Chemist: 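Sharing a structure below in structure tokens format, with a few things to ask.
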Amino acid sequence: MGLFDIFNRQRQNGHNHTMNPETAIPDIPEETFIEKENTGKEQPEEKAVAASSGGILLLYDFLDKNYESKGYNDALINPDTTHLEQNVIALKNDLERSIRKVKTFYEDFIRQINFHITSRSRSGMIDTVEELTVKKETAESHIRQVIEIEEQAKQNEGVGHGIIISYTRGFRNGLAAISGHVILNKNF
């Protein structure tokens, strides 16, 4: 018996150490371990950064939510007008908080841009300064829009007030649904 014969001999229970191709480990698909890149259209990088960082898209996302269905569901849970008033106040506070976040984001962003404009101007980087100036103008335009939304909301007008109207309409529809279900559908 040679030194390497130990590897070639069969076990006592009849199994050998060589693998049978029929009992081989199945192939594992590539998708299990490797994520393919998304080939579809993606959101522009600037918009994705602005929304996740606190830009104007954050405010528009807040304004675009469906407050009518929220009001309707709240009425079904607690059909009290004081509940309606409290939720309207809470919505106004949420809007104000979102506006403050966005304004703070742009104020900080403009400060950073101003620093970079000054620094790159001293270095003679004219193209970079022009790009930064365009970014600054865009940020200033966005902050003007935010201030306009804020002023309109304070006067109960505009898109900021639209969420209150939507919520109130939904709440009243919920109250009407309760009345319709409980009272109007009763047979005398």
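Quick caveat: nothing in here was measured; it's all calculated off a predicted structure.
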Chemist: Working to the nearest 0.5 Å, report the span between CG of Leu175 and OG1 of Thr81.
Modeler: 8.5 Å

Chemist: List in chain and number order the residues that pass side chain to side chain contact (heavy atoms under 4.5 Å, CB included) with Ser98, two or more places apart in sequence or in another chain; answer none if no residue qualifies.
Modeler: Leu59, Phe62

Chemist: What salt bridge (Lys or Arg N to Asp or Glu O under 4.0 Å) pairs are there with at least one residue in residues 86-96, not counting sequence neighbours?
Modeler: Asp94-Arg97, Glu96-Arg100

Chemist: Of all residues at least two apart in sequence or in a different chain, which pass the side chain to side chain donor-acceptor pair (under 3.5 Å) check with Asp64?
Modeler: none

Chemist: Taking Thr118 for the side chain and Asn114 for the main chain, is one N or O donor matched with an acceptor at less than 3.5 Å?
Modeler: yes

Chemist: Do Ile99 and Ile147 have side-chain heavy atoms sitting under 4.5 Å apart?
Modeler: no

Chemist: Sequence neighbours left out, what passes salt bridge (charged side-chain N to carboxylate O under 4.0 Å, His left out) with Arg169? Give chain and number order.
Modeler: Glu68

Chemist: For residues 71-79, dump all side-chain donor-acceptor pairs below 3.5 Å to protein atoms at least two apart in sequence or in another chain.
Modeler:
from, atom 1, to, atom 2, distance (Å)
Asn73, ND2, Ser69, O, 3.2
Asp74, OD2, Lys70, NZ, 3.3
Asp74, OD2, Asn87, ND2, 3.3
Asp74, OD2, Tyr167, OH, 2.6

Chemist: With clusters built from Ile, Leu, Val, Met, Phe, Trp and Tyr whose side-chain heavy atoms come within less than 4.5 Å, directly or transitively, what are the remaining members of the cluster of Ile126, listed by chain and number?
Modeler: none

Chemist: In the hydrophobic clustering that connects Ile, Leu, Val, Met, Phe, Trp and Tyr at side-chain heavy-atom distances below 4.5 Å, which members other than Ile165 occupy its cluster, ordered by chain and number?
Modeler: none

Chemist: If you group Ile, Leu, Val, Met, Phe, Trp and Tyr whenever their side-chain heavy atoms sit less than 4.5 Å apart, what else falls in with Phe115?
Modeler: none

Chemist: Can you confirm whether Tyr106 sits close enough to Ile56 that some side-chain heavy atom of one is under 4.5 Å from a side-chain heavy atom of the other?
Modeler: yes

Chemist: Taking the hydrophobic residues Ile, Leu, Val, Met, Phe, Trp and Tyr, and joining any pair whose side-chain heavy atoms are under 4.5 Å apart, which ones share a cluster with Phe109?
Modeler: Ile113, Ile117, Val129, Leu132

Chemist: Identify, with sequence neighbours excluded, every residue that meets salt bridge (charged side-chain N to carboxylate O under 4.0 Å, His left out) alongside Asp108.
Modeler: Arg111

Chemist: Under the side chain to side chain donor-acceptor pair (under 3.5 Å) test, which residues partner Gln145, sequence neighbours left out?
Modeler: Tyr60

Chemist: Looking only at non-hydrogen atoms, find the nearest pair between Lys103 and Ile143 and report the distance.
Modeler: O-CD1, 3.9 Å

Chemist: Output all residues satisfying side chain to side chain donor-acceptor pair (under 3.5 Å) with His116, sequence neighbours left out; order by chain, then residue number.
Modeler: Arg120

